[in-house]
Every structure is written in C-alpha cells, then in structure tokens.
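Everything on this sheet refers to the single structure shown next.
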Amino acid sequence: MQKQDVFDVIYTHTEGEPLCIIHSGVPYPVNSTVVEKRAFLVEHYDWLRKALMREPRGHNDMFGVFLTPPSSADYDAGLIYIDGHTYSHMCGHGTIAVAMVMVAMGMVPRNPDGKTTIRFETTAGLVVAEVDATQDEVLTTQFENVPAYVEAQDLPVVLPGYGEVKADIVWGGNYFGIIDLSQTALRIAPENGTTLIQMGLAAREQINTQYKIQHPTQAHINDLNFITFWHQPTIEGAFYKNVHVFSGGQLDRSPGGTGTSAMMAMFEARGKLGFNQPIKSEGLLGSGTFEGCLLGEVDLNGKRGVRPTVKGTASILGTARWNIDRNDPVGAGFIVR
C-alpha cells in the first residue's frame with residue numbers, strides 16, 4: 001500500500017437519477033476556463049473519473065460532476081459533467097442537485113429572501129440557477145438553461161423489431177436524437193430497460209452515421225450522445241413520458257433537465273407548445289416530474305433558438321471521502337457488460 005489520493009464527494013439523487021459531486025482534491029489551473037479545466041481533467045485526472053464512476057465505488061449508471069472554481073467574477077462555480085464512459089456538456093438533474101447542495105451546505109451565501117441565484121459556467125455555456133429555500137429547508141432549483149434549438153427533423157431510423165421511426169436532432173445543453181414511440185408497442189418502463197438500451201444504441205449509431213453535427217456558437221460541440229424515446233404520459237398532468245439513453249447504454253432515471261429543454265424546443269418547433277406555457281415532464285420511473293417552460297426566442301448565429309427553464313428537486317444521500325491507490329488495478333474502476 002502506497003500514499004493515496006484523497007477526494008471528498010457528495011451523493012444526491014434527482015427523481016432517482018444519481019449524482020456524485022466531486023468538490024475537492026483537484027488542483028485546477030489558475031484562471032482557466034471551464035473548457036480548459038475539462039481538457040486538464042481529460043489529460044491528468046481521467047483516472048479519477050473512472051475510479052469514482054465505475055465499480056467498485058460507482059456502478060454502470062452512476063453520473064457525476066466536477067464542481068470547480070469559477071474562471072472569472074461572472075460565475076459562481078464551474079460544472080463539468082461525467083459518467084463512466086465520457087463527459088457531457090450539461091446536465092439538468094445535476095444542476096438542480098448541485099445548486100440545492102451548495103445552498104444547503106453553505107457553499108454559497110444564502111439570500112435572506114429565500115431565493116439564491118447561482119451562475120454556473122458549463123462547457124455548454126452559462127446556466128443560471130435560482131434555489132428556493134426556507135430557513136429550515138432547501139426546496140427546489142429552477143434554472144435557465146443554455147438556449148435550445150432544433151437542428152434537424154424527421155431523420156429515418158429503424159428500430160430492430162419495431163420498424164422505421166423518425167428522429168429529430170435537438171440541442172438542449174446536449175444533443176438529443178428524439179424519437180416518438182407512440183405508434184410502436186415499446187413502452188417506457190423500468191422492466192423494458194434492456195430493450196430501450198438496445199434500441200437507443202442502435203438509433204444513435206444510425207443518426208451519427210447519416211448526420212454530422214456542429215453547434216452554431218460553440219466550436220467544441222459536435223457530438224450526439226443522447227437518444228430520447230417518448231410517448232404519452234402515465235402521471236396525471238404530465239405533458240409526456242420519456243427516457244434518455246446515453247454513453248455506454250445508461251438510462252436516465254429522471255425526466256432529464258437538458259432533455260426537457262430539448263423536448264420543449266422540439267414541441268415548440270412543431271406548433272405543439274407555446275412560450276410561457278409551463279409543462280411537466282415524466283421520466284423512466286414515473287415517480288415525479290420536472291416543470292419546464294419556454295421564455296422566448298433567441299438568435300444562435302443565424303439559427304432560431306428558444307430559452308428554456310427547468311424546475312425540480314433533489315435529495316442528499318450522503319457524503320464520502322474516497323482514498324484512491326492508483327496502483328490498485330481493481331480499485332481504479334472497471335465495467336462489467
């Protein structure tokens with residue numbers, strides 16, 4: 001046994017979707033942007049991502065975030081989202097959880113009026129969260145996400161065993177391939193998880209083969225990682241039910257925050273949702289909803305975008321101080337497929 005690296009983390013869940021918040025132990029380059037910090041992590045601390053996201057400390061569906069110092073006075077903190085396979089540009093369930101944790105644990109000054117604003121620097125852009133709290137309890141986070149927009153519509157995709165469907169490509173902080181399952185027999189439910197994963201990975205491969213993506217204002221963003229399946233809701237008052245398949249075949253348990261942003265942009269482009277019309281989105285578990293709303297439109301270097309907000313609540317599960325011996329090959333993280 002040799003000298004070990006030590007990292008402090010906080011665990012939360014948002015409608016069942018986990019988050020591991022890594023908030024100490026990484027010496028980020030001074031005055032670096034969040035994109036530069038992510039490049040630093042990829043080069044020097046990708047072993048830490050694997051050690052915390054994968055077994056034996058994590059699991060196949062673990063999700064995480066590096067909570068970083070801000071690059072300038074324009075921000076309160078940086079967020080770099082991760083899983084056991086890769087990095088994400090933004091995450092809504094994570095932003096809801098991180099913002100609530102920062103207020104609950106005194107990591108930012110709490111506004112006496114009960115509404116605390118936190119400006120996050122993400123690799124997708126500025127995300128502004130407002131945390132609602134009483135003297136004794138932190139209640140919710142509502143955040144204005146980066147602008148969402150529709151990149152493409154009605155791309156043909158074949159789901160093995162279910163036939164041809166159509167996919168829209170939509171940006172909501174990550175790129176999503178959105179597929180309506182309403183006319184198929186496949187339902188979104190935990191017991192259908194294996195099938196949803198198989199269909200999601202097949203759909204993503206087809207979309208990425210036939211369409212190349214480039215974000216209109218962010219030169220470093222040109223990847224589609226998420227497939228969203230949706231159909232009619234099962235929770236009364238919800239607008240739809242959906243599940244997001246991503247990375248190595250993970251399933252988002254929550255309704256999805258960047259996913260809700262993308263779904264609203266998709267519905268608005270098809271004339272099914274207006275501005276200032278709040279909706280509720282339902283996730284895989286059917287346990288609760290996020291509330292979304294579009295505030296208006298915006299120009300993204302010639303592409304029409306919309307301004308989404310998403311609201312939800314999260315719970316703290318616990319804290320941990322992880323000791324990582326980089327000479328331990330099993331403790332370094334592994335995946336069982």
request  = Using the side chain to side chain contact (heavy atoms under 4.5 Å, CB included) rule, pick out the option among Leu67, Val65, Leu52, Thr319 that qualifies with Val9.
outcome  =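 Filter result, single survivor: Leu52.
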Test your reading of the model: is there a side-chain donor-acceptor pair from [X] to the backbone of [Y], 3.5 Å cut-off?
X	Y	answer
Gln277	Gly274	yes
Asn145	Thr309	no
His85	Asn60	no
Gln214	Ile221	yes
Lys241	Ile188	yes
Glu137	Thr134	no
His220	Thr123	yes
Gln250	Asp61	no
Thr141	Ile96	yes
Gln142	Glu130	no

If I compare all heavy atoms of [X] with all of [Y], which pair ends up nearest, and what's the gap?
X	Y	value
His244	Gly256	NE2-CA, 3.7 Å
Thr33	Glu121	CA-OE2, 3.9 Å
Thr116	Asn111	OG1-N, 3.0 Å
Pro216	Asn301	O-ND2, 3.1 Å
Val298	Pro147	CG1-CB, 3.6 Å
Asp252	Leu284	O-CB, 3.7 Å

If you link ILVMFWY side chains whenever their heavy atoms are less than 4.5 Å apart, which other residues fall into the same cluster as Leu139? By chain and number, please.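 Other cluster members: none.
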Apply the hydrophobic cluster definition, ILVMFWY joined by side-chain contacts under 4.5 Å directly or through others, and give me every member besides Val128.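 Members alongside Val128: Tyr75, Leu126.
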* Which is it for Thr86 and Phe246 under the side chain to side chain contact (heavy atoms under 4.5 Å, CB included) test, yes or no, and what are the steps along the way? -> CA-CA 10 Å; Thr86 189; Phe246 61 98; over 6 Å; no
Would you list the pairs meeting salt bridge (charged side-chain N to carboxylate O under 4.0 Å, His left out) in which at least one residue belongs to [range], sequence neighbours left out?
range	result
residues 66-84	none
residues 138-150	Glu144-Arg307
residues 174-197	none

For [X], which residues count as a ring-ring contact (aromatic ring centres under 6.0 Å, His included) partner, sequence neighbours excluded?
X	answer
Tyr11	none
Tyr28	none
His44	Phe40

Do the ring centers of [X] and [Y] come within less than 6.0 Å of each other?
X	Y	result
Phe267	Tyr240	yes
Phe143	Phe120	no
Trp230	Phe176	no

Report task. Go through the steps for Asn276 and Leu295 under the test side chain to side chain contact (heavy atoms under 4.5 Å, CB included), then give the verdict. Result -> CA-CA 6 Å; Asn276 301 306; Leu295 303 182; 4.3 Å; yes
Are Ser182 and His231 close enough that a side-chain donor and a side-chain acceptor fall under 3.5 Å?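 The answer is no; no qualifying pair exists.
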Exceeds 12 heavy-atom contacts within 6.0 angstrom, atom NZ of Lys37: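 Yes, because the 6.0 Å sphere around NZ of Lys37 holds more than 12 heavy atoms from other groups.
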Q: Check whether more than 12 heavy atoms from other residues, nucleotides or ligands sit under 6.0 Å from atom NZ of Lys272, and answer yes or no.
A: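 Count not over threshold, so no.
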Going through the distances and angles, do Arg49 and Asp46 end up as a side chain to side chain contact (heavy atoms under 4.5 Å, CB included)?
CA-CA 5 Å; Arg49 174 185 66 84; Asp46 205 49; 2.8 Å; yes
Sort and list the pairs that fulfil ring-ring contact (aromatic ring centres under 6.0 Å, His included) and have at least one residue in residues 284-337, not counting sequence neighbours.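 Found none.
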Applying the side-chain hydrogen bond (donor to acceptor under 3.5 Å, both in side chains) criterion to [X], which one of [options] satisfies it?
X	options	value
Trp171	His215, Glu151, Gln218	His215
His89	Thr122, Asn174, Asp223	Asp223
Glu15	Ser315, Ser287, Ser281	Ser287

Hey, are the side chains of [X] and [Y] touching, using non-hydrogen atoms and a 4.5 Å cut-off?
X	Y	result
Ile207	Tyr175	no
Pro308	Thr260	no
Val306	Met264	no
His59	Pro18	yes

Same cluster or not: [X] versus [Y], using hydrophobic residues (I, L, V, M, F, W, Y) connected whenever any side-chain heavy atoms lie under 4.5 Å apart?
X	Y	answer
Phe66	Met107	no
Val170	Phe275	yes
Leu181	Tyr162	yes
Met62	Val101	no
Trp47	Val42	yes

If you measure from OG on Ser261 to CE on Met90, what distance do you get to the nearest 0.5 Å?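 Those atoms lie 7.0 Å apart.
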Using the test side-chain hydrogen bond (donor to acceptor under 3.5 Å, both in side chains), find all partners of Thr234 that sit at least two apart in sequence or belong to another chain.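 With sequence neighbours excluded, Thr234 shows a side-chain hydrogen bond (donor to acceptor under 3.5 Å, both in side chains) to Glu282, given in chain and number order.
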Pairing residues for Thr14 by the side-chain hydrogen bond (donor to acceptor under 3.5 Å, both in side chains) criterion, not counting sequence neighbours: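 Scan of Thr14 (side-chain hydrogen bond (donor to acceptor under 3.5 Å, both in side chains), adjacent residues dropped) gives none.
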Are Ile82 and Ile22 close enough, and set up right, to give a side chain to side chain contact (heavy atoms under 4.5 Å, CB included), and what steps lead you there?
CA-CA 10 Å; Ile82 57 173; Ile22 307 155; 3.9 Å; yes
Quick test of your reading: applying side chain to side chain donor-acceptor pair (under 3.5 Å), list the pairs with at least one residue in residues 194-210, sequence neighbours left out, ordered by first then second residue.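 As it turns out, the side chain to side chain donor-acceptor pair (under 3.5 Å) pairs with a partner in residues 194-210, which skip direct neighbours, are Arg204-Asn225.
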